[in-house]
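Lettering of chains follows the sequences in order, A, B, ..., and the numbering in each one begins at 1. As a basis for the values below, the full set of heavy atoms in this structure was taken, side chains included, without hydrogen atoms, waters or symmetry mates.
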Protein chains: 2
Amino acid sequence: MNEIYLNKLQEKNFKLTPRRIAIIDFFLSRERYLNPEIIWKGLKKKFKHLGLPSIYRNLELFSKCGILTKIQMPNRKLYYGLCKAKDNKHHHHIVCIKCGKVGEFFEENLFEKKTINGFKVLNHFLQVEGICSTCRIKS
Amino acid sequence: MNEIYLNKLQEKNFKLTPRRIAIIDFFLSRERYLNPEIIWKGLKKKFKHLGLPSIYRNLELFSKCGILTKIQMPNRKLYYGLCKAKDNKHHHHIVCIKCGKVGEFFEENLFEKKTINGFKVLNHFLQVEGICSTCRIKS
DNA sequence: ATCCCAAATAGAAATTGTTTCTATTTGCTT
DNA sequence: AAGCAAATAGAAACAATTTCTATTTGGGAT
Ligand SMILES: [Mn+2]
Ligand SMILES: [Mn+2]
Ligand SMILES: [Zn+2]
Ligand SMILES: [Zn+2]
């Protein structure tokens, strides 16, 4: 279940610690975007000693490894969602504002034209919010 | 020069205070996105007494009035850029990572299809980064 | 299996951007 | 000119994140 993600760590020669595995498993079990404190509280049961800075450090690491994606929220907290993309192709994320589920999608030729309003485009951030199918059925 | 923005305030029955005018003028003079502290430091010369919370309060107000647009940056600070759009039509922003200039653009039919990956789309945030024409000429 | 060391971590403390609170001032209507 | 809700200053609180240092540990080498 979590092998894909653990492999991504090992590929890059990062150690495979119990905490790292637990964080990934926590994302897999929750199926929604999470912030550091929630993860910390959730894992404190399992680890007698667990530092919040470790959570922060690993989430940032996972984000750089393509395991997690950062999610922007109106409050000023960091959020991360598990990235389910099979390959490393550029893609975007859509989050459910009801349940927090994170989906992926590819938007072809979003900026194939590489100049906008005189600006040469270097990169972009696109986050879409909506309601997932599960939540739509419920209501 | 600043009338368009001042009108937007008056339309909504917000008072037209010296500080508000100065903040808008500051944006007009700088032509780049700014954060609260920079504005505060820049305007302290003009106002003997000037509270940072007032800056925060007004920037947020301006953002709600469509005068400013929030800009996301990798550091955890708030940034705002002056919105130059003539009408209130939905649009996006592109920022120059060299000089901080903010441009506008419309992306037609970005999400005319209103369902993505099973999610019903409610709204989206798109920020594009690039190099403006002025900066390209310089380098 | 044991040794070893760079990488990972805990825990406490510091940092700092932002918000809250209250008394005072001020823009604007009457 | 008066009155009042809105706006503000200044200090203080807040809280998310980061830094720091001593300690532990994963995993390659022996
Ligand atoms: Mn993804
Ligand atoms: Mn705009
Ligand atoms: Zn949902
Ligand atoms: Zn530029």
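Rounded to an integer number of Å, the gap from A:Leu52 CG to D:dA15 C1' is 11 Å. Taking atom CG on A:Leu16 and atom C1' on C:dA7, their separation rounds to 13 Å, with Å as the unit. Atom-to-atom, CD1 of B:Ile55 to P of C:dT18 comes out at 13 Å; the value is rounded to the nearest Å. B:Lys41 places its NZ atom 12 Å from the C1' atom of C:dG17, with the value rounded to the nearest Å. Between the CD atom of A:Glu60 and the P atom of D:dA16 there is a distance of 18 Å, rounded to whole Å. Between the P atom of D:dT18 and the CG atom of A:Asn58 lies a distance of 13 Å, rounded to the nearest Å. Between the P atom of D:dA15 and the CG atom of A:Asn35 lies a distance of 14 Å, rounded to the nearest Å. Distance B:Glu37 CD to C:dT18 C1': 11 Å, rounded to the nearest Å.
A close approach under 4.0 Å does not occur between any side-chain nitrogen or oxygen of A:Asn13 and OP1 or OP2 of D:dG28. For B:Arg57 and D:dT8, the shortest distance from a side-chain N or O to OP1 or OP2 is below 4.0 Å. Side-chain nitrogen and oxygen atoms of B:Arg76 include none within less than 4.0 Å of the OP1 or OP2 phosphate oxygen of C:dG17. One finds a side-chain N or O of A:Thr17 lying less than 4.0 angstrom from the OP1 or OP2 phosphate oxygen of C:dT9. For A:Tyr56 and D:dT18, the shortest distance from a side-chain N or O to OP1 or OP2 is not below 4.0 Å.
The closest donor-acceptor contact from the side chain of A:Glu11 to the backbone of A:Leu9 lies at 3.5 Å or more, if one exists at all.
Residue B:Arg20 places its side chain closer to D:dT8 than to any other of C:dC28, D:dT8, D:dG26.
The neighbour count for B:Glu31 CD, taken as heavy atoms of other residues, nucleotides or ligands under 6.0 Å away, does not exceed 12.
Taking the nucleotide of DNA chain D with the nearest heavy atom to each of A:Pro53 and B:Pro53, the more 5' of the two is matched to B:Pro53. A residue-by-residue look at B:Lys48 and A:Lys15 shows that B:Lys48 has its nearest nucleotide of DNA chain D further toward the 5' end. Each of A:Leu50 and B:Leu78 lies near DNA chain C, and the nucleotide nearest A:Leu50 is the one positioned closer to the 5' end.
Ionic pairing of B:Lys8 and B:Glu3 is not present here: no N-O contact between side-chain nitrogen and carboxylate oxygen is shorter than 4.0 angstrom.
For the side-chain contact (heavy atoms from CB on, under 4.5 Å) criterion with B:Val95, the lone passing option out of B:Gln72, B:Lys101, B:Met73, B:Arg32 is B:Met73. With A:Phe106 as reference, A:His91 is the one residue of A:His92, A:His91, A:His93, A:His90 to meet the ring-ring contact (aromatic ring centres under 6.0 Å, His included) rule.
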